[in-house]
Amino acid sequence: MDHFMKRAIELAINNVKDGGQPFGAVLVKEQDIIAEGVNELHKKHDVSGHAELLAIRRAQEQFQTNDLAGFTMYASGEPCPMCLTAMYFAGIDKVYYCQSVDDAFHAGLGKSKMIYEDLKNARDDRELKLVQMPLQEDQDNPMKLWKENV
């Protein structure tokens, strides 16, 4: 097994021993570890405190960029939809993971599997209801303003 994946698993094991969930992540560029993370939900009570997101935040802060093209993520578990989406937004090129969403489900961590399944449904058939509230005619349009200023 690759030494980056071994590190991600080591982080996950240490996090479990610390009272956290079994997830660790290592963000790599050109064979160098740039940032690491573990799930910090048990410490910060922040649902976005996932291992991959923390590694991404740390790398973006270090390099002062939103663009992580050329980076590779190593994660002890298959990324949840939130983390996967962040990797798309950050431009990460490749993700290696060890244990699957199904493995997490069988360990009692079923949210990711449920969300992936729900996202396959039509918008109106999803568990989380999305309701669009269009701009009023007398409101400024933030997207139009942004487009004019870029």
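For reference, positions follow the sequence shown, starting with 1. Every value quoted in this text rests on a predicted model; they were computed, and no experiment measured them.
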Hydrophobic cluster identity match, [X] and [Y], side-chain contacts under 4.5 Å:
X   : Y    : answer
M87 : L27  : yes
Y88 : Y116 : yes
I92 : I34  : yes
F23 : V16  : no
V38 : I13  : yes

How long is the gap from [atom1] on [X] to [atom2] on [Y], to the nearest 0.5 Å?
X    : Y    : atom1 : atom2 : result
L135 : M143 : CG    : CE    : 8.5 Å
E10  : S76  : CD    : OG    : 12.0 Å
Q31  : H3   : CD    : NE2   : 6.5 Å
D124 : R126 : CG    : CZ    : 9.0 Å
K113 : S100 : NZ    : OG    : 8.0 Å
D125 : R123 : CG    : CZ    : 11.5 Å

Heavy-atom closest pair, residues [X] and [Y]:
X    : Y    : value
V150 : K147 : CG2-O, 3.4 Å
A35  : A55  : CB-O, 3.3 Å
G37  : R58  : CA-NH1, 3.5 Å
G24  : L11  : CA-CB, 4.0 Å
A69  : K29  : O-NZ, 4.1 Å
S48  : L53  : O-CD1, 3.2 Å

Could you tell me whether a side-chain N or O of [X] sits under 3.5 Å from a main-chain N or O of [Y], the two making a donor and an acceptor?
X    : Y    : result
D118 : E127 : yes
N39  : A51  : yes
N15  : Q21  : yes

*Which residues pass the side chain to side chain donor-acceptor pair (under 3.5 Å) test with Q62, sequence neighbours left out?*
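Once residues adjacent in sequence are excluded, Q62 has no partner under the side chain to side chain donor-acceptor pair (under 3.5 Å) criterion.
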Going by heavy atoms in the side chains, are [X] and [Y] under 4.5 Å from each other?
X    : Y   : answer
L109 : P22 : yes
L54  : E36 : no
D103 : E78 : no
F89  : I56 : no

_F71 ring center within less than 6.0 Å of F63 ring center_ =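 Yes.
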*asked:* Run the ring pair (Phe, Tyr, Trp, His ring centres under 6.0 Å) test against Y74 and tell me which residues pass, sequence neighbours left out.
replied: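 By the ring pair (Phe, Tyr, Trp, His ring centres under 6.0 Å) rule, Y74 matches F4, Y96.
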_Set out, in order, the CA-CA distance, both residues' side-chain angles and the distance that settles side chain to side chain contact (heavy atoms under 4.5 Å, CB included) for L68 and M73, then state yes or no._
CA-CA 10 Å; L68 298 179; M73 181 70 74; over 6 Å; no
_Can you confirm whether Q139 is buried at CD, in the sense that more than 12 heavy atoms of other residues, nucleotides or ligands lie under 6.0 Å from that atom?_
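Counting neighbours around CD of Q139, more than 12 heavy atoms of other residues, nucleotides or ligands fall under 6.0 Å, so yes.
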